[in-house]
Trainee: 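First, the structure itself, so that you have it in front of you.
Chain naming here is simple, since letters A, B, ... match the order of the sequence lines and numbering starts at 1 in each. Just so we're clear, the structure is a prediction, and the values are computed from it rather than from any experiment.
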Amino acid sequence: NAGVTQTPKFQVLKTGQSMTLQCAQDMNHNSMYWYRQDPGMGLRLIYYSASEGTTDKGEVPNGYNVSRLNKREFSLRLESAAPSQTSVYFCASSERAGGHNSPLHFGNGTRLTVT
Amino acid sequence: GENVEQHPSTLSVQEGDSAVIKCTYSDSASNYFPWYKQELGKRPQLIIDIRSNVGEKKDQRIAVTLNKTAKHFSLHITETQPEDSAVYFCAASNTGTASKLTFGTGTRLQVTL
């Protein structure tokens, strides 16, 4: 039981390049989330998926897109990376559908640097 | 939307002392208040949560208190140990369909020997 698995762990991009962050969970959770973590700003929600087949914007969605491929997988895509997207990205899941009020299980994070 | 403020941003205590971290929230409809611990270079992990139908919850050396009238909640760690050194995040959300979990900006706790 691996929990929430994110790939890659580290990535360096040049401005304008694109990439996809992958996330998978094996806990049969209904909801999945993408957060970014910047120094002094806590965790900010980018996008979430309250159930398979649905996605919604969070607090900071600009410059990102997501896909809930199936119940297990939720990917985050940067179409044209900008230095402002340099951050640590965390994927998370929770058991409840639409559950922003149930415990989150986080992946180990992806450290992204955009030069 | 919800706004969560967390204080202090850094806290240093001696081993064995108690540590208290405080958070305030703005949305009176918020009813779920989790606390996450993040060790250096690691992922955040839930350590305790409380819902608005209770005023206090304990789990060994950790306790959380909630004052709905004042819209604040606090994390209390007693008999601190070096392994308690980490960044702690509070958060708040409600059960509405448009609800989001909003995090505080974190408290870096350092437990010194």
Trainee: Is B:Arg108 close to chain A through its backbone or its side chain, or both, or neither, when contacts mean heavy atoms under 4.5 Å?
Mentor: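 For B:Arg108, neither part sits under 4.5 Å from chain A.
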Trainee: From B:Phe89 CZ over to A:Gln37 CD, what is the distance, rounded to the nearest 0.5 angstrom?
Mentor: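 Between atom CZ of B:Phe89 and atom CD of A:Gln37 there are 4.5 Å.
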Trainee: Hydrophobic clustering (ILVMFWY, side-chain heavy atoms < 4.5 Å, transitive) - are B:Leu113 and B:Val13 grouped together?
Mentor: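 B:Val13 does not cluster with B:Leu113.
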Trainee: Could you tell me the separation between the CG atom of A:Leu104 and the OH atom of B:Tyr36, rounded to the nearest 0.5 Å?
Mentor: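 Taking CG in A:Leu104 and OH in B:Tyr36, the distance rounds to 3.5 Å.
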Trainee: Give, for atom CD of A:Gln6 and atom CZ of B:Arg43, the distance between the pair rounded to the nearest 0.5 Å.
Mentor: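 Reported value, rounded in 0.5 Å steps: 9.5 Å.
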Trainee: Would you say that more than 12 heavy atoms from the other residues, nucleotides or ligands in this model lie under 6.0 Å from the CD of A:Glu95, or not?
Mentor: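 Counting other residues, nucleotides and ligands, CD of A:Glu95 stays at 12 neighbours or fewer.
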Trainee: About how many Å separate CG of A:Asn101 and OH of B:Tyr32, when rounded to the nearest 0.5 Å?
Mentor: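 If I round to the nearest 0.5 Å, the distance is 7.5 Å.
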Trainee: In terms of hydrophobic clustering (I, L, V, M, F, W, Y; side-chain heavy atoms under 4.5 Å; direct or indirect links), are B:Trp35 and B:Tyr25 co-clustered?
Mentor: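 Looking at the clustering, B:Tyr25 is in the same group as B:Trp35.
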Trainee: Quick test of your reading: applying disulfide (SG to SG under 2.5 Å), list the pairs with at least one residue in residues 17-95 of chain A, sequence neighbours left out, ordered by first then second residue.
Mentor: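 Every disulfide (SG to SG under 2.5 Å) pair that includes a residue of residues 17-95 of chain A, provided the two are not neighbours, is A:Cys23-A:Cys91.
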Trainee: CD of B:Gln14: more than 12 outside heavy atoms within 6.0 angstrom?
Mentor: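 Atom CD in B:Gln14 is not packed in, count stays at 12 or less.
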Trainee: Check each atom of A:Phe106 against the heavy atoms of chain B and say whether the ones under 4.5 Å are side chain, backbone, both or neither.
Mentor: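 Both parts, backbone and side chain.
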Trainee: Just how far is it from atom CG of B:Leu101 to atom OH of A:Tyr35, taken to the nearest 0.5 Å?
Mentor: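 Nearest 0.5 Å value for the CG-OH distance: 4.5 Å.
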Trainee: Looking at B:Lys100 and A:Leu45, what are the two nearest heavy atoms and their distance?
Mentor: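 Closest heavy-atom pair between B:Lys100 and A:Leu45: CD-CD2, 3.8 Å.
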Trainee: Let me know if B:Pro34 has heavy atoms under 4.5 Å from chain A in its side chain, its backbone, both or neither.
Mentor: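 Neither part.
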Trainee: Would you compute the distance between atom CZ of A:Arg44 and atom OG1 of B:Thr102 and round it to the nearest 0.5 angstrom?
Mentor: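 Between atom CZ of A:Arg44 and atom OG1 of B:Thr102 there are 12.0 Å.
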Trainee: Crowded around B:Lys22 NZ? As in, over 12 foreign heavy atoms under 6.0 Å?
Mentor: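 At most 12 heavy atoms, drawn from other residues, nucleotides or ligands, come within 6.0 Å of this atom.
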Trainee: Check side chain to side chain donor-acceptor pair (under 3.5 Å) between A:Arg111 and all other residues, then give those that pass, not counting sequence neighbours.
Mentor: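 A:Arg111: no side chain to side chain donor-acceptor pair (under 3.5 Å) contacts found.
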Trainee: Could you report the tightest heavy-atom contact between A:Pro103 and B:Leu46, atom names first, then the distance?
Mentor: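 Taking A:Pro103 first and B:Leu46 second, the nearest heavy atoms are CB-CD2, 3.5 Å.
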Trainee: With a 4.5 Å cut-off on heavy-atom pairs, point out which of B:Val4, B:Val87, B:Thr105 contacts chain A the most.
Mentor: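 Ranked by heavy-atom pairs under 4.5 Å with chain A, first place is B:Thr105.
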Trainee: Take atom CD of B:Glu79 as the centre, draw a 6.0 Å sphere, and report whether it contains more than 12 heavy atoms from other residues, nucleotides or ligands.
Mentor: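 Counting other residues, nucleotides and ligands, CD of B:Glu79 stays at 12 neighbours or fewer.
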Trainee: Nearest heavy-atom pair of A:Phe90 and B:Gln38: which atoms, and what distance?
Mentor: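 Minimum heavy-atom contact is CZ-NE2, 3.5 Å.
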Trainee: Under a 4.5 Å side-chain heavy-atom rule over Ile, Leu, Val, Met, Phe, Trp and Tyr, are B:Val111 and B:Leu40 clustered together?
Mentor: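 B:Val111 and B:Leu40: separate clusters.
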